[in-house]
Amino acid sequence: MLYRTFGKTGYQVSALGFGAMRLPAKEDKTVDLEKSVPMLRRGIDLGINYIDSAFGYISGTSEIAVGAAIKGYDRSKLYLATKIPVHEQEDGTAAVWRKKFETCLSRFDTPYIDFIHFHGLGWQEFQEVVSKPGMALEEARKAQAEGLVRHISFSSHDEPENIIKLVETGEFASMLVQYNYLDRHNEEAIAAASKAG
């Protein structure tokens with residue numbers, strides 16, 4: 001496995017991460033632990049140390065599968081990322097964000113999360129909701145000060161110029177955006193993030 005320094009975090013992260021959005025699911029739309037946990041463990045055994053999930057993936061059960069899979073491994077050598085949505089005004093409040101964050105910790109059954117993302121964050125939501133006093137960003141900073149979060153991040157489907165604005169706030173350690181050989185529209189945003197560390 002190849003490892004790369006992840007921005008300014010100092011982490012050596014596997015070039016190939018494990019996305020836990022489409023783990024095997026049962027008919028009731030919840031994760032199939034018997035199939036998913038061995039898959040995740042196989043990835044870890046082969047050197048993957050970055051695992052990405054989200055509050056809503058697989059009806060909220062993706063994080064449970066990841067938590068089960070990492071049992072018995074050295075937690076300090078694994079980097080867990082998850083995402084909490086803040087699309088509505090209510091979701092961006094400190095109390096709602098904190099409740100969802102504590103649910104994530106419980107599902108992972110871990111004392112801390114390495115990267116907590118604001119899920120699908122747009123520039124407008126950041127300005128009008130997330131960054132306001134008493135809202136989600138302030139609560140995320142509190143969780144970070146308590147040692148429950150290592151790094152605050154965001155994922156986004158906004159326009160590249162707005163993603164660059166989010167990067168330029170200096171509030172985030174990392175970002176997650178769509179990029180592949182057929183869809184390169186986020187190249188400038190990725191370059192801006194890289195330049196910012």
Side-chain angles (χ1 to χ4, degrees), residues 1-23 31 36-55 57-58 62-84 101 104-121 137 140-157 160 163-164 166-181 183-184 186-197:
M1 181 63 68
L2 299 174
Y3 296 89
R4 297 176 180 154
T5 302
F6 194 0
K8 294 177 182 175
T9 67
Y11 294 166
Q12 291 297 306
V13 173
S14 53
L16 179 65
F18 200 124
M21 180 179 179
R22 293 189 172 88
L23 293 171
V31 74
S36 299
V37 170
M39 287 174 61
L40 285 155
R41 287 184 175 162
R42 178 73 172 143
I44 295 168
D45 291 342
L46 291 172
I48 292 174
N49 67 0
Y50 183 92
I51 304 172
D52 173 83
S53 188
F55 184 84
Y57 286 176
I58 319 175
S62 168
E63 292 168 330
I64 293 170
V66 173
I70 65 172
K71 290 287 175 272
Y73 290 94
D74 183 346
R75 176 66 181 87
S76 69
K77 295 182 179 177
L78 296 175
Y79 304 109
L80 299 185
T82 197
K83 302 179 278 301
I84 298 174
F101 172 71
C104 294
L105 281 175
S106 175
R107 289 173 177 170
F108 281 130
D109 191 20
T110 186
Y112 66 93
I113 294 171
D114 299 282
F115 296 93
I116 194 76
H117 291 76
F118 291 101
H119 198 173
L121 185 63
L137 182 59
R141 291 281 176 227
K142 286 181 185 175
Q144 190 176 35
E146 293 166 30
L148 302 174
V149 171
R150 297 291 191 256
H151 302 283
I152 297 170
S153 306
F154 71 91
S155 69
S156 186
H157 298 283
I163 294 172
I164 291 169
L166 288 168
V167 168
E168 290 175 345
T169 67
E171 294 284 359
F172 305 103
S174 67
M175 70 171 194
L176 179 64
V177 296
Q178 181 172 316
Y179 179 81
N180 58 59
Y181 286 116
D183 183 355
R184 298 181 179 202
N186 279 321
E187 279 187 338
E188 285 184 36
I190 292 168
S194 178
K195 186 177 179 182

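Put simply, the side chain of H117 reaches to within 4.5 Å of the side chain of S174, judged on heavy atoms. Inter-residue side-chain proximity for D52 and T82 is flagged as unmet; no heavy-atom pair is nearer than 4.5 Å. R150 places none of its side-chain heavy atoms less than 4.5 Å from the side chain of T9. The shortest distance between side-chain heavy atoms of L80 and Y112 does not fall below 4.5 Å. Inter-residue side-chain proximity for S14 and N49 is flagged as met; some heavy-atom pair is nearer than 4.5 Å. L176 is not listed as a side-chain neighbour of F115, based on a closest heavy-atom distance of 4.5 Å or more.
The OG atom of S156 sits 10.0 Å away from the NE2 atom of H119 when rounded to the nearest 0.5 Å. The distance from atom CE of M1 to atom CG of L46, rounded to the nearest 0.5 Å, is 7.0 Å. Atom-to-atom distance recorded for L148:CG and C104:SG is 12.0 Å, nearest 0.5 angstrom. Note that OG of S153 and CZ of F118 are 9.5 Å apart. Values are rounded to the nearest 0.5 Å. The NZ atom of K83 sits 8.5 Å away from the CE atom of M21 when rounded to the nearest 0.5 Å. In this structure, the separation between CD1 on I164 and CE on M175 is 8.5 Å, given to the nearest 0.5 Å.
Aromatic ring orientation, Y11 versus Y79: parallel (interplanar angle below 30°, classes split at 30° and 60°).
Here the side chain of R107 pairs no donor or acceptor atom with the backbone of S62 at under 3.5 angstrom.
Within a 6.0 Å sphere centred on CZ of R42, heavy atoms belonging to other residues, nucleotides or ligands number 12 at most.
Closest approach of A69 and V37 over heavy atoms only: CA-CG1, 3.9 Å. Across all their heavy atoms, R184 and N180 have their closest contact at CG-O, 3.4 Å. Between I44 and L78 the shortest heavy-atom distance is CG2-CD2, 4.0 Å. The minimum heavy-atom distance between S155 and G120, with the atom names listed, is OG-N, 2.8 Å. Between A20 and V66, the shortest heavy-atom distance links the atoms CB-CG2, 3.9 Å. For the residue pair N186 and V177, the shortest heavy atom distance occurs at ND2-CB, 3.7 Å.
Of the charged side-chain nitrogens involved, at least one lies within less than 4.0 Å of a carboxylate oxygen, so that R75 and D114 count as a salt-bridged pair.
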Inset, instruction - Test E63 against Y57 for side chain to side chain donor-acceptor pair (under 3.5 Å), laying out the working first. - result: CA-CA 8 Å; E63 292 168 330; Y57 286 176; over 6 Å; no
Inset, instruction - Output, in order, the C-alpha distance, side-chain angles, deciding distance and verdict of side chain to side chain contact (heavy atoms under 4.5 Å, CB included) for F101 and I113. - result: CA-CA 9 Å; F101 172 71; I113 294 171; 3.9 Å; yes
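Applying the side chain to side chain donor-acceptor pair (under 3.5 Å) criterion to D45, with sequence neighbours excluded, gives Y73.
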Listed pairs under 3.5 Å, donor-acceptor, residues 188-197 side chains, sequence neighbours left out:
none

